[in-house]
Amino acid sequence: MTATESDAPDPLEAATRATRSLQGLSTELTARVPQLLEAMRSVGTGLELHSTLDRICETAAELADARYAAIGVVDDEGDGLSDFVTFGVDEDTARRIGRRPDGHAGLLGALIRDPQTIRLADLSKDPRAAGFPPGHPPMRSFLGVPIRVQGEIFGNLYLAEKRGGDEFNDYDVHMVRVLATEAGIAIGNARLYEAARQRERWIDGSVAVTTALLSGGDADDALTVVAEQARRLADADAGIVLLPAEEGGLEVVAVSSPRSTKWLGVVIPPESGVVGQLFAGEAVFVTDASSDPRMTGPMTSTYGPSMILPLQSGGRVLGALAMPRVRDGRPFTETERTLATQFASQAALALMMADAQRDRERLAVYEDRDRIARDLHDLVIQRLFATGMMLESAQRRSIVPAVREGVGKAVDELDVTIQEIRTAIFALQQGPAEAPSGLRTRVLREINMAAVPLGFKPAHRFLGAIDATVGELTGKNLVAALREALSNAFRHADASRIEVVVDAGVTLPDGSAGVRLSVADDGVGIPAGGRRSGLRNLARRAESLGGASWCGPGIGEDGGGTTVVWEAPL
């Protein structure tokens, strides 16, 4: 048991002591005891924290016959308010008032610094009062009582404007004090319950992230799961995963937000104040991202409280995880910061394990590709070459012109086949570090690599200045979309013909210039009720860049097969 727990009064004893204080008081106060007991029973029901605070406000207002009630929750630093729950103020009035009090000044600030019972006949005349903002309803009589949870100040209960224009009397003070004691017990129970549920949610989220990263699926999908879980668990407006950029700084690689964003690919420069801290393994907690000088970039202007945590494991920083809330949003509590930091560490460990797993899989693939390349070179090409020589010898001996012409065509076809096989061998032998930078070359490489499992080489056509106009981010996503479309055609289409078109001269629906990828086949088409995960991946890639993706009829007879179209702005 900690010192705080051992020093805290027993809840039952505190309530009993508070109730005994009513003994010997007037008949009027004693007559109100049943009302008090009913109020205490009402406050003690339920375990959800915010609904408990709402119930305390409403019960206190009824008990003291007050028009307005509020609870100000003291923040972790103890010098302001992290939450402000009201009763009696309708939504229209709340909108006119605007921003809720922060507790740094005025009478509410005085109650935080000196948590004692305060009763005023006219709060506007108190020298500590800072006045009301425009749109605030008039208030005169005032009663403030501190709420303690396990011996520590949780916040203050405020009552204002006693009905009938009267002042709050001694009876009201005694009643509200007893209610505040019971409220402290109820809040303590609700906080424990909420903390347990919160930890359970974060643990479930960590399991979901680990499963997604180690499932062997698409890496971009797994990072999107990290962003989605972080946003949901932190009750944030966005979840953002950033990884080190080639030119330095951090690049946004996955975003989860209910609003439309174009942040994918945005790079936070290395000179930004937070990048150095993150690469040093330090978490960054920001009160207001829109005004903090360390925060730069287009993403910060719309956000308030933010957590930016390093994805760190084994002393190595793999990237960062950002969880911003809207401007004027609720600050992150110390518990939320701790749980989010643990979540980021778990996600980083899963990232490292997933990278190691993918490295092993890539190594196995490269070994298999080397074996296939050797077999093609040592066996297939040599046999084709020998067959070609035999045909040339037969051609020279034949005296029939038609036979000589037919054998000559067969020899030419063999030469073309040998060249295509050599191209496939070259593609198989290339490692990831040797990949050429030109988009046209990368597209050709994907087509040649797909020819091996397909058993034929897809036809291709380029329109426009592909290498000169298509940016690196768009090009990288186009190649990934091509790989996905060719993979789907191989696994599901049962096609005998595929045509690939890359057009860098298209005009998008919004009038902007764009690039369009079309992959058409003559296969069986998309079956009703079949899996759509690959198509969703294509659509998500396009939408993250401001583009789109869809499917249409193929190039088979009567439109048989499928055409996958993917487009994005240049």
Side-chain angles (χ1 to χ4, degrees), residues 75-80 82 195 198-199 201-206 208-210 213 223 225-245 248-257 263 266-297 299-327 329-353 355:
D75 59 24
D76 293 331
E77 290 74 25
D79 59 358
S82 63
Q198 195 174 35
R199 286 184 173 86
R201 288 195 300 269
W202 281 95
I203 290 172
D204 290 343
S206 296
V209 165
T210 303
L213 287 170
L223 292 175
V225 171
V226 175
E228 290 172 350
Q229 291 291 338
R231 178 177 72 87
R232 180 182 67 85
L233 294 169
D235 192 22
D237 191 59
I240 305 169
V241 178
L242 305 98
L243 297 181
L250 290 167
E251 178 183 358
V252 176
V253 297
V255 179
S256 173
S257 175
W263 299 333
V266 171
V267 175
I268 300 178
E271 56 269 19
S272 173
V274 300
V275 171
Q277 287 183 256
L278 292 169
F279 277 128
E282 300 175 11
V284 178
F285 300 106
V286 177
T287 304
D288 186 359
S290 62
S291 61
D292 195 294
R294 297 173 296 174
M295 305 293 288
T296 59
M299 297 182 294
T300 60
S301 59
T302 58
Y303 289 128
S306 303
M307 293 189 290
I308 312 173
L309 309 172
L311 292 170
Q312 180 178 222
S313 181
R316 176 186 168 196
V317 177
L318 307 176
L321 179 61
M323 290 159 279
R325 284 176 175 163
V326 294
R327 294 181 66 177
R330 179 176 59 84
F332 290 101
T333 65
E334 192 63 35
T335 299
E336 288 174 324
R337 294 180 179 186
T338 301
L339 292 172
T341 301
Q342 294 171 351
F343 174 83
S345 298
Q346 179 66 26
L349 177 60
L351 266 175
M352 288 190 67
M353 294 175 65
D355 282 343

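One is the number of the first residue; the rest follow in order along the sequence.
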Taking all heavy atoms of [X] and all of [Y], pick out the closest pair and write down the distance.
X: Ala236; Y: Pro324; result: CB-O, 3.3 Å
X: Gly304; Y: Ser306; result: O-OG, 3.1 Å
X: Tyr303; Y: Ala238; result: OH-CB, 3.4 Å

Results of side chain to side chain contact (heavy atoms under 4.5 Å, CB included) for [X] - residues two or more places apart only:
X: Val284; result: Val274, Gln277, Leu278, Val286, Arg294, Ile308
X: Ser345; result: none
X: Leu349; result: Ser313, Met353
X: Ala245; result: Glu247, Glu251, Val267

Going by side chain to side chain donor-acceptor pair (under 3.5 Å), name the residues that satisfy it together with [X], two or more places apart in sequence or in a different chain.
X: Gln312; result: none
X: Arg231; result: Ser256
X: Arg201; result: none
X: Asp235; result: none

Taking Thr333 for its side chain and Pro331 for its backbone only, find out whether a donor-acceptor pair lies under 3.5 Å. no

Residues pairing under salt bridge (Lys or Arg N to Asp or Glu O under 4.0 Å) where one sits in residues 335-344, two or more places apart or in two chains, turn out to be Arg325-Glu336, Arg330-Glu336

With rounding to the nearest 0.5 angstrom, report the CZ to OG1 distance, Phe332 to Thr338. 13.0 Å

